[in-house]
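Just below is one structure, and these are the notes that go with it.
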Amino acid sequence: MLKVSNLKVNYGAIKGLKGISFNIQKGEIVSLIGSNGAGKTTTLRALSGIVESEGQIEFKGKEISKVPSHLRVTLGIAQSPEGRGIFPQMSVQENLELGAYSRNDKEQIKKDYNRCLELFPRIKERLWQMAGTLSGGEQQMLSISRALMCKPELLLLDEPSLGLAPIIVSQIFEIVKQLNSEGMTILLVEQNAKQSLTISHRAYVLETGLITLEGRGKELLNNDEVRRSYLGI
Amino acid sequence: MEELLQHLINGLSLGSIYALIALGYTMVYGILQMINFAHSEVYMMGAFFAYYTAKYLNLSSSPGFGSLAIVLVVTMVLCSLLGLAIEKFAYRPLRKAPKLNVLITAIGVSLFLQYFAQLVFGADPKVFPTLIEEQTLFTIAGAPIKSFDVTILVVSLVSMGVLHFLVYHTKLGKAMRAVSHNASVASILGINVSRVIAYTFIIGSSLAGIGAILVGIKYQKIEPMMGTMIGLKAFVAAVLGGIGSIAGAVTGGLILGISEILVVVYGSSQYRDALAFLILIFILLVKPAGMFGKNRIEKV
Ligand SMILES: Nc1ncnc2c1ncn2[C@@H]1O[C@H](COP(=O)(O)OP(=O)(O)OP(=O)(O)O)[C@@H](O)[C@H]1O
Ligand SMILES: [Mg+2]
């Protein structure tokens, strides 16, 4: 579904990505793990088109690296960004509606909307609340639901577990698994290597802008280097 | 008593004109975090667009609501086109450039338009055609209520009402608020940020055009340098209310307009223009973010 070749991103003199290649097959959960500053967020930004990049990004057989970001959403790529990116001065409902901004299929939007509220009952109870007054976990759920409202084929999640209580983290990983079992392809960026590798089909390890390891989720869980660097074992 | 009432109405209509122009500064700031210094020249050009529209259609021979409506529509369209052109050719190429470059460009565009107007329209003041006849419509508590002031208040109120509806109850408005909060998040939700910016310029420029016509009606004199002082005052009004805030621009405009008239009446007209800057210095000292402003730390 997604094929990335030699992707590079420069922030002025700083090299965010030094040429990485990876792919994602339809129906997979793929994790991207790496320590702070490795370039995970940069990778997602490049895929969504909000930073300029060099190299090829092929999505559903089409080269999209020059497609502007708002049109990539229409093609089927949605993102729940780092820091959740919710709009604090808008109601929860308005935030969700913005997810469906570029869609016209009213009936299906309504269905997706109800589906989101079903997945995240806590969001449903808070539709009229200002999004800025939600707790961190609720904001994360809102951010994921809003991305789902874009009706993506490929969902990019940037550290959905960051700063959340263990029980909420487990809930979020459960929902990621559930979405995937319903056919959603997911690229998951995580610091929480253990849980993300457990639910992932495959994973890539990113270090200072380069991919250093790749393999099946379970394999990497048992890889000595991964255990030492990311699992603290 | 009736005198005070009359001054208040006078101040209110001056204030709503400041508010209309301040809205343009504040909305562009909200979206691009830049002060569009060319905005005051869009306003000035609006006055000339209105002048020539009325002249060529010979509308001053039939003043009234119909003529006013025609001039309003034509002027809004022309001001929008001018605003769009400025955004597209001067600001868009600098979208990723440092803020200072954009600021200097804005000042450049402003000067260009001032001298362009002097060249094309002449530097001498022109008498604005009569679109509304001057008359006393009714009296409240002995104070005569003039047709000019009523027109100004009604037109401003309707414009602000439409703006409020647009920003808070339409899809475009939601997109504008989203872009203003975080443009890159807006774009990963499928919002075409460039288009939203263009609409913001259309709206701001239209409001400047409306303001120009109202000034023409009330003061009946227009000239190529007319944008400078009113632009500065509207900018002060936007800062007073909290730049980026729509409610702030309206409140700031009204406060400035009313206090200016009161200074003229009970103080001296010499201090009229100084007042705005006194207020500006005062806000910058006491509440730099303005009345409705968020204390946002400037991200570089
Ligand atoms: N806007 C920017 N300007 C300059 N440098 C940047 C910018 N954004 C990211 N970088 C740099 O690029 C590198 C990769 O950053 P990135 O945000 O992709 O890391 P990350 O893997 O997501 O880290 P974290 O786990 O801390 O979120 C870092 O060295 C960072 O300092
Ligand atoms: Mg990151």
Side-chain angles (χ1 to χ4, degrees), chain A residues 11-12 41 44-52 67-91 93-104 106 109 130-132 139 142-143 145-152 154-158, chain B residues 26-27 29-31 88 92-99 101 164-200 241-248 289-290 292-297 299-300:
Chain A
Y11 295 110
T41 299
L44 296 196
R45 286 200 188 125
L47 293 181
S48 281
I50 49 179
V51 288
E52 276 176 39
V67 174
S69 52
H70 65 276
L71 294 179
R72 297 194 197 185
V73 179
T74 323
L75 290 175
I77 301 180
Q79 182 180 162
S80 159
E82 182 173 65
R84 297 152 192 157
I86 57 145
F87 298 112
Q89 277 119 329
M90 293 189 202
S91 69
Q93 174 162 357
E94 280 185 304
N95 269 272
L96 286 175
E97 285 165 0
L98 274 171
Y101 184 80
S102 49
R103 294 171 61 185
N104 294 312
K106 275 220 172 72
I109 292 176
M130 285 293 130
Q139 291 189 9
L142 175 58
S143 179
S145 330
R146 191 181 60 183
L148 291 175
M149 290 301 289
C150 299
K151 201 183 180 196
L154 173 63
L155 178 62
L156 312 175
L157 299 175
D158 198 341
Chain B
T26 232
M27 291 179 71
Y29 185 86
I31 293 251
K88 181 159 182 177
R92 192 175 298 184
L94 299 175
R95 196 69 55 77
K96 295 200 175 91
K99 296 265 152 68
N101 301 17
H164 186 272
F165 178 79
L166 207 75
V167 172
Y168 292 99
H169 299 280
T170 65
K171 200 170 164 181
L172 172 65
K174 215 184 296 165
M176 288 172 71
R177 285 180 288 142
V179 172
S180 144
H181 187 262
N182 188 332
S184 59
V185 171
S187 75
I188 58 169
L189 296 174
I191 295 171
N192 183 342
V193 174
S194 292
R195 183 181 297 159
V196 170
I197 292 173
Y199 274 116
T200 308
I243 192 140
S245 153
I246 290 181
F292 292 74
K294 299 165 285 267
N295 258 315
R296 255 214 293 222
I297 293 162
K299 280 185 284 185
V300 184

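Sequence lines set the chain letters: A, B, ... in the order given, protein chains first and strands last, and positions in each chain run from 1.
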Please report the interatomic distance OG(B/S194) to NE2(A/H70), rounded to the nearest 0.5 Å.
7.5 Å

Chain B contact via A/L156 - which portion, at a heavy-atom distance below 4.5 Å
neither

How many angstroms lie between atom CD of A/E97 and atom NZ of B/K174, to the nearest 0.5 angstrom?
3.5 Å

Tell me the closest heavy-atom pair linking B/V185 and A/F87, and the distance in Å.
CG1-CZ, 3.8 Å

Which one, A/C150, A/G49, A/A100, A/P88, leads in non-hydrogen pairs under 4.5 Å with chain B?
A/P88

If I measure from the heavy atoms of chain B, does A/T74 come under 4.5 Å with its side chain, its backbone, both, or neither?
neither

Tell me, side chain or backbone of A/I50 under 4.5 Å from chain B's heavy atoms, or both, or neither?
side chain

Flag yes if more than 12 heavy atoms outside B/R195 fall under 6.0 Å of its CZ atom; otherwise flag no.
no

Which value, rounded to the nearest 0.5 Å, describes the distance between B/L189 atom CG and A/N95 atom CG?
8.5 Å

For the OH atom on B/Y199, are there more than 12 heavy atoms of other groups (residues, nucleotides or ligands in this structure) within a distance under 6.0 Å?
no

List the atom of B/I188, the atom of A/S48, and the distance in Å for their closest heavy-atom pair.
CG2-CB, 3.6 Å

Are more than 12 heavy atoms from other residues, nucleotides or ligands located less than 6.0 Å from atom NZ of B/K88?
no

